[in-house]
Participant: 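Got a structure for you, written out below as structure tokens; questions coming shortly.
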Amino acid sequence: MNESEAFRPEARQPRGFRDRFAGEVAREREMIAALSALAERYGFAPLATPALEYADALGKFLPDEDRPNEGVFAFQDDDEAWLSLRYDHTAPLARLVAQGEAPPARPLRRYAAGPVWRNEKPGPGRFREFLQFDVDTVGSEAMAADAELIAFLAEGLEAVGVPQDGFVVNLSHRKLVAGIMDAAGIPAGEDAAIRAQRLRVLRSIDKLDRLGIEGVRLLLGPGRRDESGDVTPGAGLKDSQIASIEASLGATVAFDAGGELGRTPAGREALADLEEIRLALAALGIGAERVRVTPSVVRGIEYYTGPVFEAELTHEIRGPDGAPMRFGSVASGGRYDDLVMRFTGERVPATGASVGVSRLISALTKAGEAAGAEGPVLVLAMDRAMTADYLAMVAELRGAGIPAELYLGRAGMKAQLKYADRRGSPVAVIQGGDERAKGEVTLKDLKLGAEMARSIEDNRAWREGRPAQETAARGTLVASVRAILARQREGRAP
RNA sequence: GCCGCCUUAGCUCAGUCGGUUAGAGCGCCAGAUUGUGGAUCUGGAGGUCCCCCGUUCGAUCCGGGGAGGCGGUACCA
């Protein structure tokens with residue numbers, strides 16, 4: 001192989017990993033700032049954990065099985081120990097509490113924000129690296145703790161710009177679903193076959209929102225064929241059992257304590273918990289219309305032991321091609337009383353919730369919310385010999401708190417103005433030989449100019465008219481730029 | 001993972017019933033306009049037709065395999 005055939009890597013990203021530009025990064029920061037402020041008002045304190053954990057600390061998933069990277073990203077450290085990137089903020093918290101490292105006050109109330117990673121197939125609003133904002137209460141059995149988290153999600157979604165009627169929190173309880181299965185006469189027990197059967201039923205129920213009651217019926221019974229012709233095997237239940245489950249799922253009236261759901265011990269326990277939550281939410285000022293009991297909410301994460309909930313946006317989101325897109329829940333949580341016990345054998349009740357910041361931004365952006373970032377004031381490089389003067393100008397502007405930069409490329413004036421346009425610069429500062437001789441600078445109001453350009457057809461007239469441009473004494477640079485910026489802000493808020 | 005569809009210029013996509021110079025629109029660069037953004041006009045750059053193997057005188061096109069993208073489905077501790 002000669003040198004011209006040297007290896008060249010392909011410039012590309014792993015699937016599910018994204019580059020984010022100014023507008024989106026700004027949105028992320030805003031969202032995390034708003035949620036942090038709210039969390040602190042609720043009495044949660046920040047507590048951050050690292051991105052990497054020992055794999056066995058993260059869950060029952062042991063990476064030295066056949067598929068070490070199933071679900072998580074894992075690799076071996078130089079001492080052969082398996083490390084995993086965290087897939088949420090909750091499991092690392094349980095580890096930290098079990099270690100005895102957490103602040104001693106119980107209940108412990110904390111929040112955390114940051115990226116988490118999941119090794120799974122990406123989709124719309126579903127990434128392999130994404131930001132989560134997490135709140136937890138560790139050491140409390142009170143249903144009021146769960147209710148507070150639901151209230152936090154509801155208030156948090158509003159705080160980041162989702163209208164009150166733009167989302168709904170679906171609330172369920174692990175024991176509620178257990179009760180539904182008990183009522184349908186599906187055997188319970190530790191036997192592997194029995195557990196597998198229960199799991200199949202559980203997963204079928206979970207798909208109600210996506211596949212509808214018809215789809216669930218097929219999955220509970222003989223199985224279902226999808227659009228592409230692929231077949232999913234069913235749970236093979238009897239018609240009477242399917243009917244019983246259907247009746248329970250139908251009882252989604254808000255906090256309804258009657259009907260099928262109250263017939264089993266597990267169901268009654270769940271309903272008592274949910275009733276406590278209902279009362280707490282009312283006291284916290286969260287209207288019943290924003291939270292509804294939805295028994296089909298199961299949630300995948302196995303560590304949940306009690307109430308589980310997820311918030312979904314209610315407005316249909318359409319992609320660029322007009323086709324509706326499914327984003328799934330934008331925030332979720334639940335109670336995980338046994339998570340710390342995995343380490344210590346001691347039961348520590350805990351409950352937590354998190355907001356999917358990346359997914360939320362993705363959904364809101366696709367719903368039509370645009371994000372445009374304003375660029376810095378641009379000082380044109382008219383004459384390379386004057387670089388020091390130009391740098392002095394940007395330093396003055398920066399010193400006054402105005403974002404500013406000197407054009408550092410090699411292009412001519414015309415191209416520099418085009419650059420300013422593309423950066424979204426509000427003002428261009430020009431000082432060539434003419435201006436310098438007179439001790440002046442020329443300031444172009446690029447926002448105003450762009451507006452005026454719309455009504456001017458002829459380029460010559462446009463250029464000779466030199467619209468939206470003024471001359472200022474060099475000494476008044478900062479004040480003059482500030483005046484233009486102020487004018488622009490007023491113009492934008494009519 | 002399984003199933004289906006797709007992959008041609010920076011982007012969106014035509015096209016070649018297998019034939020030597022592969023196109024459009026948008027974008028980009030330049031000029032008209034020696035120091036002025038937009039519009040207009042003129043010109044220009046830009047392609048391993050996803051990759052490998054096979055069939056063929058000849059493959060971007062046909063066959064096989066692979067990769068990547070999209071969607072469905074499964075899984076999601």
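Letters go in sequence order (proteins before strands), and every chain restarts at 1. Remember, it's a predicted structure, so these values are computed and weren't measured experimentally.
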Participant: Round to a whole Å and report the spacing from CZ of R128(A) to P of rG68(B).
Facilitator: 10 Å
Participant: Roughly how many Å apart are rC29(B) and rG1(B), using the P atom of each and rounding to a whole number?
Facilitator: 42 Å
Participant: Could you give the distance separating rU56(B) and rG72(B) at their P atoms, to the nearest angstrom?
Facilitator: 43 Å
Participant: Say we look at rU16(B) and rU73(B): how far apart would their P atoms be, to the nearest angstrom?
Facilitator: 35 Å
Participant: Determine the interatomic distance between C1' on rG27(B) and the same-named atom on rG38(B); round to the nearest Å.
Facilitator: 16 Å
Participant: Whole angstrom is fine here: how far is it from OH in Y407(A) over to C1' in rG37(B)?
Facilitator: 14 Å
Participant: Is a donor from one side chain sitting under 3.5 angstrom from an acceptor on the other, for T351(A) and D146(A)?
Facilitator: yes
Participant: Could you write out RNA chain B as dot-bracket? Rules: Watson-Crick or G-U wobble, both distances under 3.5 Å, brackets [ ] for crossings, | for pairs with another strand, dot for unpaired.
Facilitator: (((((((..((((.....[...)))).(((((.......))))).....(((((..]....))))))))))))....
Participant: Nearest-Å distance, CG (D434(A)) to P (rU36(B))?
Facilitator: 12 Å
Participant: Checking Y419(A) now: which residues fulfil ring-ring contact (aromatic ring centres under 6.0 Å, His included) with it, not counting sequence neighbours?
Facilitator: Y407(A)
Participant: Mark yes or no for a side-chain to base donor-acceptor pair under 3.5 Å between Q469(A) and rU36(B), with no hydrogen or angle criteria applied.
Facilitator: yes
Participant: Look at R217(A) together with E214(A) and state whether they make a salt bridge at an N to O cut-off of under 4.0 Å.
Facilitator: yes
Participant: First locate atom CD of Q469(A), then atom NZ of K444(A), and finally report the distance between them rounded to the nearest 0.5 Å.
Facilitator: 4.5 Å
Participant: Taking the six-membered ring for Trp, are the ring centroids of F17(A) and F127(A) within less than 6.0 Å of each other?
Facilitator: no
Participant: Among rG37(B), rA77(B), rU73(B), which nucleotide sits nearest the side chain of R224(A)?
Facilitator: rU73(B)
Participant: How far, in whole Å, is rU34(B) from rG23(B) if one measures between their P atoms?
Facilitator: 35 Å
Participant: Once rounded to the nearest 0.5 Å, what's the spacing between atom CG of D421(A) and atom NZ of K447(A)?
Facilitator: 9.5 Å
Participant: Could you work out which one of rA74(B), rG35(B), rG37(B) sits closest to the side chain of L219(A)?
Facilitator: rA74(B)
Participant: When you check the phosphate oxygens OP1 and OP2 of rG37(B), does a side-chain N or O of R422(A) lie under 4.0 Å from one of them?
Facilitator: no
Participant: Rounded to whole Å, how long is the line connecting atom CD of Q416(A) with atom C1' of rG37(B)?
Facilitator: 12 Å
Participant: Starting at OH of Y419(A) and ending at P of rG38(B), how long is that distance when rounded to a whole Å?
Facilitator: 16 Å
Participant: Cut-off 3.5 Å, side chains only: do T442(A) and E435(A) have a donor facing an acceptor?
Facilitator: yes
Participant: Please list, chain by chain and in numerical order, all residues satisfying ring-ring contact (aromatic ring centres under 6.0 Å, His included) with Y303(A), sequence neighbours excluded.
Facilitator: Y336(A)
Participant: Please measure how far the P atom in rG4(B) lies from the corresponding atom in rG66(B), and state the result in whole Å.
Facilitator: 13 Å
Participant: By the 4.0 Å heavy-atom rule, please label D445(A) as base, sugar-phosphate, or nothing.
Facilitator: base
Participant: As a test of reading the structure: which of rU36(B), rG38(B), rA74(B) is closest to the side chain of A453(A), going by heavy atoms?
Facilitator: rG38(B)
Participant: Which listed nucleotide (rU36(B), rG38(B), rG35(B)) is nearest to the side chain of D421(A)?
Facilitator: rG38(B)
Participant: Using OP1 and OP2 only, check whether a side-chain N or O of R210(A) sits under 4.0 Å from rA74(B).
Facilitator: yes
Participant: Any idea which of rA77(B), rG37(B), rA74(B) is nearest the L417(A) side chain?
Facilitator: rG37(B)
Participant: Answer yes or no: is there an ion pair linking D337(A) with R335(A), defined by an N-O contact shorter than 4.0 Å?
Facilitator: yes
Participant: Considering only rU36(B), rU73(B), rC29(B), which nucleotide approaches the side chain of I430(A) most closely?
Facilitator: rU36(B)
Participant: From the list rG35(B), rG69(B), rA74(B), which nucleotide is the closest neighbour of the side chain of K121(A)?
Facilitator: rA74(B)
Participant: Rounded to the nearest angstrom, tell me the gap between atom CG in D226(A) and atom P in rC70(B).
Facilitator: 18 Å
Participant: Output yes when at least one side-chain N/O atom of R203(A) is less than 4.0 Å from OP1 or OP2 of rC75(B), else no.
Facilitator: yes
Participant: Is K207(A) near enough to rC75(B) that one of its side-chain N or O atoms lies under 4.0 angstrom from OP1 or OP2?
Facilitator: yes
Participant: How many Å lie between NZ on K418(A) and P on rU33(B), as a whole number?
Facilitator: 17 Å
Participant: Looking at R347(A), I'd like to know if its CZ atom is crowded, meaning that more than 12 non-hydrogen atoms belonging to other residues, nucleotides or ligands lie closer than 6.0 Å.
Facilitator: yes
Participant: Indicate whether OP1 or OP2 belonging to rG72(B) is found under 4.0 Å from a side-chain N or O atom of R225(A).
Facilitator: no
Participant: How do P122(A) and A468(A) order along RNA chain B: which one's closest nucleotide is nearer the 5' end?
Facilitator: A468(A)
Participant: Please state the P separation for the pair rC6(B) and rA14(B) - nearest whole angstrom.
Facilitator: 11 Å
Participant: Looking for any heavy atom pair under 4.0 Å, which part of the strands does L211(A) touch: base, sugar-phosphate only, or nothing?
Facilitator: sugar-phosphate
Participant: Under 3.5 Å, is there any donor-acceptor pair linking the side chain of E435(A) to the base of rG35(B)?
Facilitator: yes
Participant: How long is the line joining CZ of F127(A) and P of rC70(B), in whole Å?
Facilitator: 11 Å
Participant: Mind checking if G433(A) touches a base, just sugar-phosphate, or nothing, with heavy atoms under 4.0 Å?
Facilitator: base
Participant: Is there a donor and acceptor pair closer than 3.5 Å between the side chain of K414(A) and the base of rU36(B)?
Facilitator: no
Participant: Below 4.0 angstrom from OP1 or OP2 of rG71(B), is there any side-chain N or O of R126(A)?
Facilitator: no
Participant: On a whole-Å scale, what distance lies between the C1' atoms belonging to rA59(B) and rC17(B)?
Facilitator: 14 Å
